[in-house]
Visitor: 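Okay, handing you the structure first.
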Number of protein chains: 2
Amino acid sequence: MTQRQPLAPDMFDELCPSSLVPFRFGDKWAALVLRCLEDGPRRFSELRVPLHRATPKVLTRSLRTLQRDGLITRTSHPHPDLRVEYALTPLGRSMLTPLNAACAWAADHWEELLTARESYEAP
Amino acid sequence: MTQRQPLAPDMFDELCPSSLVPFRFGDKWAALVLRCLEDGPRRFSELRVPLHRATPKVLTRSLRTLQRDGLITRTSHPHPDLRVEYALTPLGRSMLTPLNAACAWAADHWEELLTARESYEAP
DNA sequence: CAGAATCCGTTTAGATACTG
DNA sequence: CAGTATCTAAACGGATTCTG
């Protein structure tokens with residue numbers, strides 16, 4: 001069984017500094033989705049909690065693209081009630097390595113980026 | 001003095017497999033620009049050779065954004081004739097580490113991505 | 001040389017409402 | 001629950017033309 005950690009919504013807020021850093025893996029939400037799945041499969045509604053800024057439409061598109069590229073799987077259980085689970089494939093999990101490296105760089109350097117932006121805006 | 005290696009245009013073609021991989025650092029050209037500057041400063045016209053798919057407008061925008069974020073510098077030498085050089089800052093150079101890690105992942109896995117896409121399109 | 005200006009089609013994202 | 005449908009606005013990207 002997969003131990004489900006609670007997801008931390010704070011990290012996924014648009015105001016989070018890491019969102020200001022020029023990394024985009026795929027579309028706007030793809031990287032966040034992959035990281036949400038790091039600790040195990042998640043239902044659509046579970047993903048919506050930390051990714052509350054994403055409307056169902058854009059989240060669905062992100063999920064479809066990731067599925068198309070073989071990075072995640074989509075498993076539907078119609079019984080007893082509709083239940084859809086998304087999970088990382090081995091390929092998707094392997095992508096977490098460079099993705100997390102990028103996030104670590106962002107965490108280390110976002111102050112410098114913000115400082116540079118401010119001094120560029122107001123010279 | 002900086003030893004200038006010739007830039008390899010092939011790597012930057014839109015048809016290059018790495019372009020099909022879902023990594024985007026900043027806008028469409030940002031990552032490519034950073035890699036072009038890895039071996040030393042480049043003039044605007046020098047960048048246009050390997051990045052020939054980018055019009056001057058979009059290339060300029062990429063450069064401005066990278067400059068705004070403190071990843072590259074822009075140095076203008078008006079004499080004897082107009083000459084503008086772009087170079088990595090230490091911050092920009094530090095970003096090459098995760099960037100190159102992402103490119104290495106892409107180089108290792110792009111066949112899998114393409115295979116997944118094909119089997120998704122034509123089930 | 002190193003861009004800026006303009007026009008234009010595509011893509012992306014969000015809000016809102018609705019459905020099997 | 002897990003989406004889809006529709007509309008709108010903004011961002012992105014490219015082609016072309018012009019300029020200090």
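Convention: sequence-line order gives letters A, B, ...; per-chain numbering from 1.
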Visitor: D/dA15 C1' sits how many Å from B/Leu59 CG, rounded?
Guide: 15 Å
Visitor: Please find the pair of heavy atoms, one from B/Leu113 and one from A/Asp69, that lie closest to each other, and give the distance.
Guide: CD2-O, 3.1 Å
Visitor: Give, for atom OH of B/Tyr86 and atom CG of B/Leu47, the distance between the pair rounded to the nearest 0.5 Å.
Guide: 8.0 Å
Visitor: Under 4.0 Å between a side-chain N or O of A/Lys28 and OP1 or OP2 of C/dG14?
Guide: yes
Visitor: With the side chain of B/Thr55 defined as its heavy atoms from C-beta on, choose the nearest nucleotide among D/dG14, C/dA15, C/dA13.
Guide: D/dG14
Visitor: Identify, with sequence neighbours excluded, every residue that meets side-chain hydrogen bond (donor to acceptor under 3.5 Å, both in side chains) alongside A/Ser94.
Guide: B/Trp105
Visitor: What donor-acceptor contacts under 3.5 angstrom involve side-chain atoms of residues 54-62 of chain B, with partners at least two apart or in another chain?
Guide:
{"unit_1": "B/Thr60", "atom_1": "OG1", "unit_2": "B/Pro56", "atom_2": "O", "d": "2.7"}
{"unit_1": "B/Ser62", "atom_1": "OG", "unit_2": "B/Asp27", "atom_2": "OD1", "d": "2.6"}
{"unit_1": "B/Ser62", "atom_1": "OG", "unit_2": "B/Asp27", "atom_2": "OD2", "d": "2.7"}

Visitor: Over its full length, what angle do the end axes of the helix from C/dC1-D/dG20 to C/dG20-D/dC1 make, each axis taken from five pairs and the result rounded to 10 degrees?
Guide: 50°
Visitor: How long is the line joining NE2 of B/His52 and C1' of D/dG13, in whole Å?
Guide: 16 Å
Visitor: Check side-chain contact (heavy atoms from CB on, under 4.5 Å) between B/Thr115 and all other residues, then give those that pass, not counting sequence neighbours.
Guide: none
Visitor: How long is the straight-line distance from CH2 of A/Trp29 back to CG of A/Leu51, given to the nearest 0.5 Å?
Guide: 6.5 Å
Visitor: Output the rounded distance in Å from NE2 (B/His77) to P (C/dA2).
Guide: 11 Å
Visitor: Quick check: closest heavy atoms across A/Glu46 and A/Pro41, and the distance to 0.1 Å?
Guide: OE1-O, 4.4 Å
Visitor: Go through the structure and list residues passing side-chain contact (heavy atoms from CB on, under 4.5 Å) with B/Ala104, not counting sequence neighbours.
Guide: none
Visitor: What's touching nucleotides 1-6 of chain D from the protein side, N or O pairs under 3.5 Å?
Guide:
{"unit_1": "D/dC1", "atom_1": "O3'", "unit_2": "A/Arg43", "atom_2": "NH2", "d": "2.9"}
{"unit_1": "D/dC1", "atom_1": "O3'", "unit_2": "A/Leu82", "atom_2": "O", "d": "3.4"}
{"unit_1": "D/dA2", "atom_1": "OP1", "unit_2": "A/Arg43", "atom_2": "NE", "d": "3.0"}
{"unit_1": "D/dA2", "atom_1": "OP1", "unit_2": "A/Arg43", "atom_2": "NH2", "d": "3.1"}
{"unit_1": "D/dA2", "atom_1": "OP1", "unit_2": "A/Val84", "atom_2": "N", "d": "3.1"}
{"unit_1": "D/dA2", "atom_1": "OP2", "unit_2": "A/Ser45", "atom_2": "N", "d": "3.1"}
{"unit_1": "D/dA2", "atom_1": "OP2", "unit_2": "A/Ser45", "atom_2": "OG", "d": "2.7"}
{"unit_1": "D/dG3", "atom_1": "OP1", "unit_2": "A/Arg74", "atom_2": "NE", "d": "3.3"}
{"unit_1": "D/dG3", "atom_1": "OP1", "unit_2": "A/Arg74", "atom_2": "NH2", "d": "2.8"}
{"unit_1": "D/dG3", "atom_1": "OP2", "unit_2": "A/Tyr86", "atom_2": "OH", "d": "2.7"}

